[in-house]
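Data first, discussion second: the structure below is written as structure tokens.
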2 protein chains.
Amino acid sequence: MAVTIKDIAKYAGVSVTTVSRALNGYPDVSEETREKIKKIAEELNYSPNSIARGLVTNRTHTVGLVVSELIKPGAYHPFFLEILAGIKAGLRKDKYDLILYTVDPTSQDVTPYEKLCNDRKVDGAIVEGLKLSDPYIEEIKNTEIPTVLIDIPILNDKVGYVSSDNVQAAFEATSYLIKLGHKNIGFINGHNDAAVSFERLEGYKKALYKNNIPYKDEYVVFDDFTQDGGYNCFRKMIFENPEITAVFHASDLMAIGSLKAAQDLGMRVPDDVSIVGFDDIELSSLITPGLTTIRQENYKIGYMAARHLVSIIKGEKPRHIIIPHRLIIRQSAKKI
Amino acid sequence: MAVTIKDIAKYAGVSVTTVSRALNGYPDVSEETREKIKKIAEELNYSPNSIARGLVTNRTHTVGLVVSELIKPGAYHPFFLEILAGIKAGLRKDKYDLILYTVDPTSQDVTPYEKLCNDRKVDGAIVEGLKLSDPYIEEIKNTEIPTVLIDIPILNDKVGYVSSDNVQAAFEATSYLIKLGHKNIGFINGHNDAAVSFERLEGYKKALYKNNIPYKDEYVVFDDFTQDGGYNCFRKMIFENPEITAVFHASDLMAIGSLKAAQDLGMRVPDDVSIVGFDDIELSSLITPGLTTIRQENYKIGYMAARHLVSIIKGEKPRHIIIPHRLIIRQSAKKI
DNA sequence: CTGAAAGCGCTTACAG
DNA sequence: CTGAAAGCGCTTACAG
């Protein structure tokens with residue numbers, strides 16, 4: 001079987017206590033014995049049993065990643081991979097392992113958040129893709145488990161979050177359209193089960209207000225972030241408000257849906273209507289016309305979420321961490 | 001602290017032994033005591049400590065997912081999410097948790113495969129995205145850890161694999177082009193560090209042979225599956241062999257690169273040249289012209305990998321599992 | 001049908 | 001600087 005601390009102790013002629021201390025870098029071991037033990041451990045190809053250690057220390061050096069909506073109906077989460085890669089990179093430094101939990105909101109048996117985390121004794125968790133109506137939200141508001149949320153504003157003793165500055169980003173996107181001369185600007189927003197939707201609406205309103213453009217309820221519509229959602233909303237909006245010359249979207253997928261709808265209606269983009277998205281997914285640079293959009297630094301969001309979680313686990317105070325965004329100007333919006 | 005088996009024993013007035021057996025469904029417990037214990041466990045909101053159990057049973061009910069190349073230079077793994085979603089679904093039934101290991105081949109300290117798995121005592125692992133030259137390959141050939149590979153043919157006492165029938169798929173794609181009247185058919189293949197590349201080349205050759213079309217070395221080129229790779233290969237191939245009227249590709253990304261290159265060279269697709277890809281990634285149905293390609297059922301590949309791993313863990317014999325593919329005909333190839 | 005005891009591989013007061 | 005012992009929360013022969 002696998003070699004244990006006991007085997008090393010026998011070979012070295014010391015107690016397991018000493019082996020444990022030597023290997024864990026405690027100061028109260030003579031250099032001589034430490035060296036001997038280390039050498040033997042290496043020769044025996046010893047690898048500590050993290051399970052056993054976890055049982056006694058009550059720390060597993062493992063964090064959970066709880067992700068909802070990995071598969072939305074008809075589409076995979078468009079930038080989960082970037083967030084995931086960032087998280088892995090952020091965890092690597094401190095050698096935390098990652099357990100992936102995918103929650104399916106349509107499923108019957110949803111394990112409560114605390115149970116989910118406690119079953120594997122994760123030291124903390126990152127939570128992504130949750131809707132505001134998800135029952136986990138209420139649990140997380142009162143949890144004792146170190147948690148970092150992505151794009152959901154909850155802050156308490158153990159819970160922090162990271163996100164872009166959505167108000168500012170939407171403000172910039174809308175202001176850009178205004179600067180191009182647009183006055184009748186539609187906004188196809190995400191569903192109102194996402195915190196970012198409200199923040200983006202606020203930024204949109206702010207830009208109108210600052211430029212003395214009256215806000216009109218009929219220019220704003222909530223939908224589900226998907227391409228089909230954008231397609232349908234665009235048709236309806238343009239049909240009912242033909243004076244609209246530009247549409248801002250809360251996701252690139254919706255913007256691409258609008259692009260298709262415009263094409264099908266015989267409208268040219270950007271000549272007849274300007275389109276701006278949000279996210280800067282890979283597809284947005286590949287389509288024609290290239291999509292003007294807000295780039296979110298998803299890798300960085302994941303990275304910082306991981307770093308922040310580690311710091312909370314170590315006892316630091318949770319915060320809201322803002323990741324910079326950027327307006328990416330391509331060809332889908334133009335001056336009028 | 002969390003409630004343990006000991007607490008339940010105390011409340012129920014029985015020994016921990018009995019509690020353990022009652023909760024684990026052993027037959028040798030009276031129905032009466034079992035009911036009592038179950039009720040108390042429920043009331044106390046007991047949740048077993050899987051760490052402690054793992055220490056004694058030497059089973060963690062956890063599997064690893066080892067993925068290389070999660071981020072290739074300049075691009076994220078295009079269908080990892082589908083595979084992942086399939087794996088999670090396949091694991092759900094048997095309640096296995098998933099630990100995600102991303103290996104970065106460029107990194108210095110690559111933990112040996114067995115050590116990676118043993119550190120967390122996973123019961124088995126699924127391996128995806130490995131190159132043939134990866135040192136893990138040799139390790140896996142001799143491992144005792146239940147393992148299922150995706151797209152890498154290794155079979156032994158504990159190791160099985162799942163893949164599409166790449167020979168047959170490439171055969172079908174090439175035959176389709178031949179049926180359209182093409183005789184000078186290029187093949188932009190993946191790098192020769194992937195098993196699938198050899199299999200697809202074999203299928204390509206087979207189709208030519210069957211139709212009495214001589215195979216020409218200069219019509220075949222190996223590259224790295226990426227869009228840039230396709231772009232450059234296409235330019236070179238068409239420049240040196242202007243008689244080519246159709247090009248088959250080992251990935252959609254490369255096919256899309258060729259599409260771009262053709263455009264830049266003033267060639268129309270499919271009028272001047274026919275293009276066929278492999279994978280059927282999401283993008284392929286969205287671009288113009290829609291890409292004719294081979295669809296791989298990635299979700300299913302992931303799902304079956306998980307199911308097969310569970311069966312190997314339970315002692316069944318590893319196999320090669322073939323997941324059906326399908327030729328998806330869109331607009332990028334036409335009759336001449 | 002039930003319980004006392006040993007043990008999984010570690011860590012950590014405590015004593016020397 | 002070192003070791004004996006207790007204990008983390010479970011499971012599992014073994015005995016009754």
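Order of the sequence lines sets the chain letters (A, B, ...), proteins ahead of strands, with each chain counted from 1.
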Self-check item: Derivation and outcome, side chain to side chain contact (heavy atoms under 4.5 Å, CB included), residues B/Asn49 and B/Thr4
Solution: CA-CA 8 Å; B/Asn49 185 329; B/Thr4 73; over 6 Å; no
Counting the atoms with a prime plus P, OP1 and OP2 as sugar-phosphate, which does [X] contact under 4.0 Å by heavy atoms, base, sugar-phosphate, or nothing?
| X | answer |
| --- | --- |
| B/Asp28 | base |
| A/Ser30 | sugar-phosphate |
| A/Ser50 | nothing |

Find the distance [X]:[atom1] to [N]:[atom2] and express it as a whole number of Å.
| X | N | atom1 | atom2 | answer |
| --- | --- | --- | --- | --- |
| B/Asn58 | D/dA13 | CG | P | 14 Å |
| B/Leu23 | D/dT11 | CG | P | 8 Å |
| A/Ile5 | C/dG7 | CD1 | C1' | 16 Å |
| A/Lys10 | D/dG3 | NZ | P | 15 Å |
| A/Glu35 | D/dC1 | CD | P | 14 Å |
| B/Tyr26 | C/dT2 | OH | C1' | 15 Å |
| A/Ile8 | C/dG9 | CD1 | P | 13 Å |
| A/Ile51 | C/dC8 | CD1 | C1' | 11 Å |

Any [X] side-chain N or O less than 4.0 Å from OP1/OP2 of [N]:
| X | N | value |
| --- | --- | --- |
| A/Thr57 | C/dT11 | no |
| B/Tyr46 | D/dG9 | no |
| A/Ser20 | C/dC10 | no |
| B/Ser15 | C/dG3 | yes |
| A/Asn24 | C/dT11 | yes |

Exercise. By nearest nucleotide on DNA chain C, pick out whichever of B/Leu55 and B/Val14 is the more 5' one.
Key: B/Val14
Quiz item: So which one's nearest nucleotide on DNA chain C is more toward 5', B/Val56 or B/Arg34?
Solution: B/Arg34
Quiz item: Is there a donor-acceptor contact under 3.5 Å from the side chain of A/Asp151 to the main chain of A/Ser163?
Solution: no
Exercise. Given side chain to side chain contact (heavy atoms under 4.5 Å, CB included), test A/Lys121 with A/Thr62 step by step and report yes or no.
Key: CA-CA 8 Å; A/Lys121 303 283 178 228; A/Thr62 288; over 6 Å; no
Nearest to the side chain of [X], heavy atoms from C-beta on, is which of [options]?
| X | options | answer |
| --- | --- | --- |
| B/Val29 | C/dT11, D/dT12, C/dT2 | C/dT2 |
| B/Asn49 | D/dG9, C/dT2, D/dT11 | D/dG9 |
| B/Thr17 | D/dA13, C/dT12, C/dT11 | D/dA13 |

Exercise. Find the distance between CD1 (A/Ile5) and OG1 (A/Thr18) and round it off to the nearest 0.5 Å.
Key: 9.5 Å
Exercise. Searching all strands shown, indicate the nucleotide that pairs with D/dC14 (Watson-Crick or G-U wobble; both distances under 3.5 Å).
Key: C/dG3
Quiz item: Less than 4.0 Å between a side-chain N and a carboxylate O, is that true for A/Glu35 and A/Lys38?
Solution: no
Quiz item: Hey, are the side chains of B/Tyr101 and B/Val122 touching, using non-hydrogen atoms and a 4.5 Å cut-off?
Solution: yes
